[in-house]
Amino acid sequence: MPVKRAEKTPMPVRDAQLRAHDFQEVNEGYSALHASFEAERCLRCQDPVCVEGCPVNIPIPEFIHAIASGDMPGAARILRGANPLPSICGRVCPQESQCESECHMVKRFNPVAIGHLERYVADWERTQPISAKANITRKEKIAVIGAGPSGLVCAGELARLGYAVTIYEALHAPGGVLRYGIPEFRLPKAVLDWEIDVLKSMGVEIVCNVVIGRTVPLQDLFERMGYAAVFIGTGAGLPQFLGIPGENLNGVMSANEFLTRMNLMGGYKFPENDTPVKVGKRFAVIGAGNTAMDAVRSSLRMGAEEAYIVYRRSQKEMGARVEEYHHAIEEGVQFQWLTNPLEVIGDADGWVTGLKCQKMKLGEPDASGRARPIPIEGSEFVLPVENVVLAIGTTPNPLLTRTTSGLLTNKKGCLVADEQTGLTSKTLVFAGGDAVTGAATVILAAGAGKRSAEAIHQALQRAPATAH
Ligand code: FAD
Ligand code: SF4
């Protein structure tokens, strides 16, 4: 076996002091030289376990080999055949806990930078003309509810199979969390727009500003509008709150509201865009997942001078991607680990002035398998801040399930659906992504959309356009 370089080829990044004050993308992407250098590190293993670590089983060694051979059209074809959103997943997938954690190189060295190479290929593809074409050959039409990654991928796969597909999206622009949650500095909207243009060129129709369950009942999709099957990809956009005193003060927001104002409504371009977002000098975000990291890094870009993550467990238990954590440290975010918020404190006019917290220590694992945080008596203190943003998790919005009879949910409010096919408790109604799993990842949502598209196709082959 040839001796391989131990270290990953580093991703070029913009200077931390500069990038912390604007919304341009942080990672600059590999050059052709970086990519071929990194592709040469791959061992082309006989048993490429990296493929097992990828939720959509991208043939990783094949696409990396194509890069190493200079065959970019081939690399793009292999990648897109398995993953319909490569330019997005190459940027936001938690590779360190998926494909890269399985790479054989991990045993002795750094893993191959599979994610960076995926992004490199997808970015190359975006410089080429869109070659996808509409090829609607079947009589049945399908409705998809929600234009997040699960809905977009399901629609794309169905269009590829020859179906006419319409996506109904509640917001005024498609993309789901990819548009309203993940900021421009991690996922430029131009990248998302390009992926959506590919779908449109395949004949997928996207109708925005339609809330299924409110504007149009789900049953009408079948009975009045003639769809043969429905896929639900409505995500988990309902924020959770802590229920501590002071949560109603001015300056407290859910991370979803803060990020939606910034990303979807363009609040960071105020007054050019008319959505003001008030950020004080000191900004605290409660939670330590990707959402928390996006909110706290956005606050710096909006002018906060001190930005804090407040998390009741330790760094070991945080949910954020490692890269986002490192970028946040470089940009000056301060981390209050083992710190539990007790109360938001405000002034006489109802504006936030501080966050009362208590220090914690870790005990035995709890039901989630993570060490249980235990309060330390007498350790209370007040963190002086003007904003408190909660990023402690989300659940599915109950609007659709409450207005649709026979659509079963579990006790967490997630749709009950077959793990493999996504079939729900209603005939010819399928579901996938966060609406089924609860808040998870882009690639899991994309994978679910892909599997449901195949299941819808199979179901319609067996019983074309029947009852529901
Ligand atoms: P969503 O992306 O939530 O899309 C659902 C869509 O359905 C939305 O557009 C919504 O408006 C629409 N909708 C809802 N109800 C209706 C209705 N009744 N009628 C019509 N439309 C409706 N994952 C990663 O892998 N890596 C990351 O770095 C990462 N960062 C994240 C950062 C943030 C801030 C957040 C919030 C999440 C992040 N995630 C990340 C998680 C990831 O984005 C989600 O798991 C993924 O987007 C789920 O996709 P989805 O299609 O199930 O739902
Ligand atoms: Fe290449 Fe690592 Fe996959 Fe082996 S496990 S084929 S070295 S990416």
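As the structure lists them, so they are numbered: ligands from 1, and atoms in each ligand from 1. Atom set for the values below is all heavy atoms of this structure, side chains included, hydrogens, waters and symmetry mates excluded. Please read all numbers here as calculations on a predicted model, not as lab measurements.
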Q | For atom 4 (Fe) of ligand 2, the protein heavy atom that lies nearest, with its residue and separation | A | C45 SG, 2.3 Å
Q) Quick one: do E205 and K200 make a salt bridge, cutoff under 4.0 Å? A) no
Q) Quick one: ring-ring contact (aromatic ring centres under 6.0 Å, His included) pairs with a partner in residues 30-72, sequence neighbours left out? A) Y30-H34, Y30-H116
Q.
Quick check on contacts: which atoms of ligand 1 are under 4.0 angstrom from a heavy atom of Y168?
A. 20 (C), 21 (N)
Q. Relative to atom 15 (N) of ligand 1, which among T234, T403, I182 owns the nearest non-hydrogen atom?
A. T234
(Q) Is it true that S314 and E317 share a donor-acceptor pair across their side chains at a distance under 3.5 Å? (A) yes
Q: Would you mind running through ligand 1 and noting each atom that sits below 4.0 Å from a heavy atom of R186?
A: 27 (C), 28 (O), 29 (C), 30 (N), 31 (C), 32 (C)
**Q.** Shortest reach to atom 18 (N) of ligand 1 by a heavy atom, considering only I212, N263, N397
**A.** I212
(Q) Let me check your reading of the structure: within less than 2.8 Å of atom 3 (Fe) of ligand 2, is there an N/O/S atom from C50? (A) yes
Q: Check ligand 1 against A445 and write out every atom of the ligand that is under 4.0 Å from a heavy-atom position of the residue.
A: 48 (C), 49 (O), 52 (O)
Q. To the nearest 0.1 Å, how far is atom 7 (S) of ligand 2 from its closest protein heavy atom, and which atom is that?
A. L43 N, 3.3 Å
Q.
Check this for me - ligand 1, I145, N or O atoms closer than 3.5 angstrom, yes or no?
A. no
Q: Give a yes or no on whether C42 keeps an N, O or S atom under 2.8 Å from atom 1 (Fe) of ligand 2.
A: yes
(Q) We want to know whether E323 and N27 form a side-chain donor-acceptor pair, criterion being a heavy-atom distance below 3.5 angstrom. (A) yes
Q: Classify the contact between R179 and ligand 1 as side chain, backbone, both or neither, using a heavy-atom distance cut-off of under 4.0 Å.
A: neither
**Q.** C103 N/O/S atom closer than 2.8 Å to atom 2 (Fe) of ligand 2
**A.** yes
Q.
Salt bridge or not between E38 and K8? Use side-chain N to carboxylate O under 4.0 Å.
A. no
Q) Is any NZ, NE, NH1 or NH2 atom of the basic residue among E25 and R119 found under 4.0 Å from an Asp or Glu carboxylate oxygen of the other? A) yes
Q: Give the numbers and elements of all ligand 1 atoms closer than 4.0 Å to a heavy atom of S150.
A: 50 (P), 51 (O), 52 (O)
Q | L259 neighbourhood, listing ligand 1 atoms whose heavy-atom distance to it stays under 4.0 Å | A | 34 (C)
Q) Taking atom 48 (C) of ligand 1 as the point of reference, which of V442, D434, I443 owns the nearest heavy atom? A) D434
Q) Per the side chain to side chain contact (heavy atoms under 4.5 Å, CB included) rule, which among V388, I392, L390, L355 passes with P341? A) L355
